[in-house]
Amino acid sequence: MQAGKKRLPVVNCGSHRYNGCHNLRNIGYKVPMLDIKAIREQPKEIENKLKARDPALSLDRLLLLDERRRKSIQEVETLKNQRNKASEEIARFKTAQREEEAQARIREMRQTAERIKTLEDELAATEEELNNLLIRLPNLPHESVPVSMRKEDKIVVREHKTLPTFEFEPKHHLDLGEELGILDFPRAARIAGARFPLYKGWGARLEMALINFFLDFHFTQTGYTPILPPYLGNSETMFTASQLPKFKDDVYYIEKDDLYLNPTAETLLCSLHRDEILEASQLPLKYMAYTACFRREAGAAGEEERGLIRMHQFNKVELFKFTRAEDSFDELESLVRDAEAVLQPLDLHYRVVLLPTSDIAAQSAKTYDLEVWIPSQRRYYEVSSCSNCTDYQARRGSIRYRPEPGAKPEYVHTLNGSALATSRLLSALLETNQRADGSVVIPEVLRDYVGGSVIQP
RNA sequence: GGAGAGGUAGUCAAGUGGCCGAAGACGGCGGCUUGCUAAGCCGUUGUAGGGGUAAAACUCUACCGUGGGUUCAAAUCCCACCCUCUCCGCCA
């Protein structure tokens with residue numbers, strides 16, 4: 001049985017291919033997002049919780065395969081035990097020069113070896129199917145998450161400031177950007193294609209100012225360790241964060257090297273401690289990373305998402321925490337506060353919303369979004385998403401910690417939050433701070449970073 | 001990209017087909033010493049899965065970079081790949 005091997009954390013995984021069909025055949029058994037033991041022990045409870053996210057979901061097949069798997073393991077291991085004993089005997093016969101008896105045992109063991117091989121193949125097939133079901137189950141939503149299949153059923157937790165008012169018709173940021181000469185989408189299209197950004201002059205200054213302001217703030221005020229990660233990740237990295245298998249069509253993939261372009265630094269930071277056992281005293285570990293993020297955004301289009309709202313490439317500062325299991329929901333609250341803390345000095349109107357079961361990412365147990373007001377569209381847009389993924393990603397990447405020195409390792413909890421998606425924030429900033437003459441006022445806190453206080457047409 | 005050397009437990013390191021889950025050392029943990037004293041001695045020491053138990057105890061299976069293969073039997077032999085180091089080439 002290769003099952004034993006398969007269950008081990010996979011370390012050097014660059015050789016793992018997804019076989020074109022992304023069936024994760026070579027990924028270790030011990031990677032499900034939900035504990036198979038828990039599923040076995042309380043299938044109905046878990047199924048009901050998961051139905052809050054997807055009413056069609058059923059655990060029946062999975063439970064059947066689990067049963068079959070355990071039966072096969074027993075059978076195979078009994079045979080292996082026989083084989084191991086026989087091997088010892090053969091070794092003893094050989095050293096005692098009792099060749100006849102050794103040969104007799106070897107003849108017997110030929111059949112056993114064949115039987116083991118057959119059973120192992122069956123077991124491997126069962127485990128593959130089981131795995132493919134397990135890795136696609138979403139995380140269990142936390143009890144505080146509103147149960148609803150309607151995305152609109154989010155709860156507004158708090159609002160900051162009042163809606164901005166204008167004595168003129170506020171312009172769309174794309175028009176502002178073009179008139180000010182700070183955004184140039186036609187030339188970006190020439191270089192790359194549609195939905196790629198090009199910031200120019202004060203636009204580039206402003207975008208960089210936001211990034212630097214956020215990084216400085218979290219370095220000095222909230223204590224996150226800055227990371228400059230690789231911008232490409234391998235398949236194991238994508239799998240751990242749960243970009244794979246579900247979002248394979250949304251991620252840019254470089255086939256020749258079997259690497260994926262970073263869709264969000266969450267994905268990269270999540271694998272920072274993959275296959276490690278951390279000490280409880282190290283936790284929580286707080287990291288942040290600025291990266292450009294790349295997404296194919298297949299199927300996305302429309303007037304609403306013109307300009308900087310939805311692009312193939314955007315900038316983002318990401319916060320990421322590895323915490324003890326019992327602390328993670330408290331850590332989520334402080335993560336949201338940390339993300340908000342950079343929004344407040346920018347003087348923008350925003351709100352914090354708690355997403356319902358149907359709208360949270362598969363890996364997340366609970367998600368708050370920060371939404372900022374976009375005046376030209378008279379609607380809110382998400383600039384941050386803060387999630388507690390509990391042990392979901394930790395299981396996939398085998399990221400653990402010892403609660404006490406010498407104690408059995410447990411899975412850490414992982415949390416991520418954008419702080420913030422600067423590209424979207426820039427549109428809110430331009431639109432909110434525009435004046436009747438077409439100029440844009442730079443918020444106080446950014447002026448030193450930008451090197452100016454007003455962008456004039 | 002080419003040539004070479006490596007990858008064994010927390011770390012270092014022995015082991016080239018059979019009582020090897022793997023010597024030894026260091027570290028860690030527990031204990032004993034307290035006239036070898038910023039030391040000595042003794043013991044212990046991973047992970048995962050299955051069975052078992054109220055929980056333990058206990059027991060079995062697997063794990064020597066990864067994945068395959070050969071064999072009754074693989075750390076050891078064969079194939080492919082990954083990673084690290086050195087040299088050459090290329091390059092910001």
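Numbered from 1 within each chain, the chains take letters A, B, ... in sequence-line order.
The nearest whole Å value for the distance from the NZ atom in A:Lys80 to the C1' atom in B:rU59 is 17 Å. Atom CD1 in A:Ile116 sits roughly 8 Å away from atom P in B:rA73 (whole-Å rounding). Going from atom CD of A:Glu88 over to atom P of B:rC72 covers 19 Å, rounded to whole Å. The interatomic distance linking A:Glu75 (CD) with B:rG49 (P) rounds to 21 Å, in whole Å. Atom CG of A:Asp258 is separated from atom C1' of B:rC83 by 15 Å (rounded to the nearest Å). A:Arg274 has its CZ atom 13 Å from the C1' atom of B:rU66, to the nearest Å. Atom CD in A:Glu100 sits about 16 Å away from atom C1' in B:rC72, given to the nearest Å. Between A:Glu276 atom CD and B:rU11 atom C1' there is a gap of 15 Å when expressed in whole angstrom units.
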Worked verdict on A:Glu410 versus A:Arg402 for salt bridge (charged side-chain N to carboxylate O under 4.0 Å, His left out): CA-CA 6 Å; A:Glu410 285 179 21; A:Arg402 284 185 208 282; over 6 Å; no

Verdict with reasoning, A:Thr222 to A:Asp338, per side chain to side chain donor-acceptor pair (under 3.5 Å): CA-CA 7 Å; A:Thr222 53; A:Asp338 291 342; 4.8 Å; no

Derivation of the side chain to side chain contact (heavy atoms under 4.5 Å, CB included) call for A:Leu198 and A:Phe185: CA-CA 6 Å; A:Leu198 191 150; A:Phe185 280 93; over 6 Å; no

Verdict with supporting geometry, A:Tyr253 and A:Asp258, side chain to side chain donor-acceptor pair (under 3.5 Å): CA-CA 7 Å; A:Tyr253 176 57; A:Asp258 194 26; 2.7 Å; yes

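Distance check on atom C1': B:rU71 versus B:rC78 gives 12 Å, rounded to whole Å. Across B:rC83 and B:rA25, the matching P atoms stand 36 Å from one another, rounded to whole Å. Of the C1' atoms belonging to B:rC79 and B:rC42, the separation is 49 Å, rounded to the nearest Å. For B:rA75 and B:rG1, the C1' atoms lie 32 Å apart once the distance is rounded to whole Å. Spacing between B:rA5 and B:rG68 at atom C1', rounded to whole Å, works out to 25 Å. Atom P of B:rG15 sits at a distance of 27 Å from the matching atom of B:rC87, rounded to the whole Å. B:rA9 and B:rU66 are spaced 10 Å apart, taking the P atom of each and rounding to whole Å. Taking atom P in both B:rA23 and B:rG46, one finds a spacing of 13 Å when rounded to whole Å.
Within the shown strands, B:rU84 is the pairing partner of B:rA5 under the Watson-Crick or G-U definition, both distances less than 3.5 Å. Pair check for B:rC32 finds B:rG40; Watson-Crick or G-U wobble, both atom distances under 3.5 Å. Pair assignment for B:rC19: none, as no Watson-Crick or G-U wobble contacts are both less than 3.5 Å. Base pairing of B:rG89 is not made with any nucleotide, judged by Watson-Crick or G-U wobble geometry with both donor-acceptor distances under 3.5 Å. A 3.5 Å limit on both hydrogen-bonding distances identifies no Watson-Crick or G-U partner for B:rC64. With a 3.5 Å ceiling on both atom-pair distances, B:rU71 lacks any Watson-Crick or G-U wobble partner. Checking B:rG27 for Watson-Crick or G-U wobble geometry (two distances, each under 3.5 Å) identifies B:rU45 as its partner.
Phosphate proximity of B:rA48 to A:Arg400: present, with a side-chain N or O under 4.0 Å from OP1 or OP2. The phosphate of B:rG46 (OP1 or OP2) has no side-chain N or O of A:Lys408 nearer than 4.0 angstrom. In this structure, A:Asn81 reaches the B:rU61 phosphate: one of its side-chain N or O atoms is under 4.0 Å from OP1 or OP2. Considering only side-chain N and O atoms, A:Asn84 lies under 4.0 angstrom from the phosphate OP1 or OP2 of B:rU61. For the pair A:Lys117 and B:rU70, the criterion of a side-chain N or O lying under 4.0 Å from OP1 or OP2 is met.
Salt-bridge formation is not detected for the pair A:Lys80/A:Glu77: no Lys NZ or Arg NE/NH1/NH2 atom is positioned less than 4.0 Å from an Asp or Glu carboxylate oxygen. Salt-bridge annotation for A:Asp66 and A:Arg70: present, with a side-chain N of the basic residue lying under 4.0 Å from a carboxylate O of the acidic one.
As judged by a 4.0 angstrom heavy-atom cut-off over every strand, A:Arg92 is placed among the base-contacting residues.
Mapped onto RNA chain B by nearest heavy atom, A:Arg402 and A:Arg70 fall at different nucleotides, with A:Arg402 at the one closer to the 5' end. Both A:Gln74 and A:Ala86 lie near RNA chain B, and the one whose nearest nucleotide falls closer to the 5' end is A:Ala86.
Residue side chain A:Glu77 reaches the base of B:rG49 through a donor-acceptor N/O pair under 3.5 Å, judged by distance alone.
A donor and an acceptor atom, one from each side chain of A:Thr414 and A:Gln393, are located under 3.5 Å apart.
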